[in-house]
Amino acid sequence: MKKIVSAACAVCFAAALCLFAGCAPAEGRAVYEGVPSSLEGKVTVAIDDPATAACDYYVQADAAAFGDGATALEVIDHFVAEGSLVYEGSVGEFGMYMTAIGVVEEGEEKTVLREDAAEGRYLSFYTNVEADMQGSGGIDYGGTAVEPSVVGVGSMRVEAGAVIYITYYTYA
């Protein structure tokens, strides 16, 4: 009788564990739409197609994850390694030249921005890190001014609160 009660208890315990695991919250998303509620202590990469009404996607990481002297390209590569972002490009004489960037949602890669030389459309990188800001042509990103970067993505500095805002620049 003891063996039957023990076996029944073990079955009930196992069933309870299965039910508890089934109620566990789903793992949080890595890629979000719009603007984050806070930039404090974070590094944010925002990808925005100007043809859409709002900022399309953003990803964030704790700024402490990146050492002194980290660059925007290192941040983007961090998100590529964790499976949130994808990009295309090549390294040339002047560093990384990105031709496309996108996100990974539910295991699927989705290109958000792609260069089109025939239409004069190229990726443009903006920042709110003062040392790299051009000083004109700013965009408001959730109450934070971002301006075209005066350096390439491989040289853009990052710090706590930094925004790397990627959109299109179109030559007429």
Side-chain angles (χ1 to χ4, degrees), residues 29-82 84-105 109-172:
R29 291 181 56 193
V31 178
Y32 301 91
E33 297 174 357
V35 178
S37 60
S38 174
L39 302 174
E40 190 173 326
K42 305 283 186 187
V43 175
T44 305
V45 177
I47 303 171
D48 186 23
D49 182 346
T52 60
C55 186
D56 297 289
Y57 298 98
Y58 75 87
V59 291
Q60 283 187 309
D62 288 330
F66 307 100
D68 290 340
T71 67
L73 182 57
E74 291 173 42
V75 171
I76 292 169
D77 283 339
H78 165 84
F79 290 116
V80 169
E82 79 170 25
S84 302
L85 297 180
V86 293
Y87 69 84
E88 297 172 16
S90 60
V91 178
E93 181 180 349
F94 300 106
M96 172 55 71
Y97 180 74
M98 263 187 223
T99 57
I101 190 157
V103 297
V104 179
E105 288 187 310
E109 293 182 5
K110 176 183 177 184
T111 300
V112 180
L113 303 173
R114 179 177 298 285
E115 169 183 296
D116 186 340
E119 292 186 21
R121 188 174 61 211
Y122 302 91
L123 270 64
S124 183
F125 293 81
Y126 287 65
T127 183
N128 66 338
V129 175
E130 196 170 318
D132 295 335
M133 293 169 77
Q134 187 179 50
S136 64
I139 294 174
D140 177 65
Y141 178 68
T144 299
V146 293
E147 295 181 5
S149 176
V150 295
V151 297
V153 67
S155 299
M156 287 173 63
R157 298 174 194 111
V158 295
E159 58 190 31
V163 174
I164 303 156
Y165 183 91
I166 308 166
T167 190
Y168 284 130
Y169 180 82
T170 304
Y171 290 103

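Atom set for the values below is all heavy atoms of this structure, side chains included, hydrogens, waters and symmetry mates excluded. In this chain, residues are counted from 1 in sequence order.
For Glu115 and Tyr97, the side-chain atoms include at least one donor-acceptor pair closer than 3.5 Å. A donor and an acceptor atom, one from each side chain of Ser84 and Glu82, are located under 3.5 Å apart.
Note that the OG atom of Ser90 and the CE atom of Met98 stand 11.0 Å from one another [nearest 0.5 Å]. To the nearest 0.5 angstrom, Ile139 atom CD1 is 12.5 Å from Thr144 atom OG1. Atoms CG and SG, from Asp140 and Cys55 in turn, are 11.0 Å apart once rounded to the nearest 0.5 Å.
When all heavy atoms of Glu74 and Gly69 are compared, the pair lying nearest together is OE2-O, 4.3 Å. In terms of heavy atoms, Gln60 sits closest to Ser38 at NE2-O, 2.9 Å. When all heavy atoms of Ala160 and Ala63 are compared, the pair lying nearest together is CA-CB, 3.5 Å. Val43 and Phe66 get closest at one heavy-atom pair: CG2-CD1, 4.2 Å. When all heavy atoms of Val129 and Arg157 are compared, the closest pair comes out as CG2-O, 3.5 Å.
Contact check for Val86 versus Val103: no side-chain heavy atoms found under the 4.5 Å cut-off. The shortest side-chain heavy-atom distance between Asp48 and Tyr126 does not fall under the 4.5 Å cut-off. Looking at heavy atoms from C-beta onward, Tyr168 lies out of side-chain contact with Tyr122 at the 4.5 angstrom threshold. Inter-residue side-chain proximity for Met133 and Thr127 is flagged as met; some heavy-atom pair is nearer than 4.5 Å. Residues Val112 and Tyr57 have side chains in contact (heavy-atom distance under 4.5 Å, counting atoms from C-beta outward). No side-chain heavy atom of Thr99 sits under 4.5 Å from any side-chain heavy atom of Tyr87. A heavy-atom distance below 4.5 Å is found between the side chains of Ile166 and Leu123. A 4.5 Å side-chain heavy-atom check between Leu85 and Ile47 finds at least one atom pair inside the cut-off.
With sequence neighbours left out, Asp62 forms a side-chain hydrogen bond (donor to acceptor under 3.5 Å, both in side chains) with Lys42. By the side-chain hydrogen bond (donor to acceptor under 3.5 Å, both in side chains) test, Glu109 pairs with no residue at all, sequence neighbours left out.
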In residues 146-155, what donor-acceptor pairs under 3.5 Å come from side-chain atoms, sequence neighbours left out?
residue : atom : partner : partner atom : Å
Glu147  : OE1  : Gly135  : N            : 2.5
Glu147  : OE1  : Ser136  : N            : 3.4
Ser149  : OG   : Val151  : N            : 3.2
Ser149  : OG   : Val151  : O            : 2.8

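Put simply, the side chain of Thr111 never gets that close to the backbone of Leu113: no donor and acceptor are under 3.5 Å apart. A donor-acceptor pair is defined here as one N or O able to donate and one able to accept, closer than 3.5 Å; no such pair exists between the side chain of Asp49 and the backbone of Thr167. In this structure, the side chain of Asp116 does not engage the main chain of Arg121 through any donor-acceptor pair within 3.5 Å.
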**OP:** Could you go through the side-chain contact (heavy atoms from CB on, under 4.5 Å) check for Thr44 and Val59 one step at a time?
**Re:** CA-CA 6 Å; Thr44 305; Val59 291; over 6 Å; no
**OP:** Please lay out, stage by stage, how Val158 and Thr71 fare under the test side-chain contact (heavy atoms from CB on, under 4.5 Å).
**Re:** CA-CA 6 Å; Val158 295; Thr71 67; over 6 Å; no
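The neighbour count for Asp68 CG, taken as heavy atoms of other residues, nucleotides or ligands under 6.0 Å away, does not exceed 12.
Of the candidates Tyr58, Phe125, Tyr141, Tyr165 forms a ring-ring contact (aromatic ring centres under 6.0 Å, His included) with just one, namely Tyr141.
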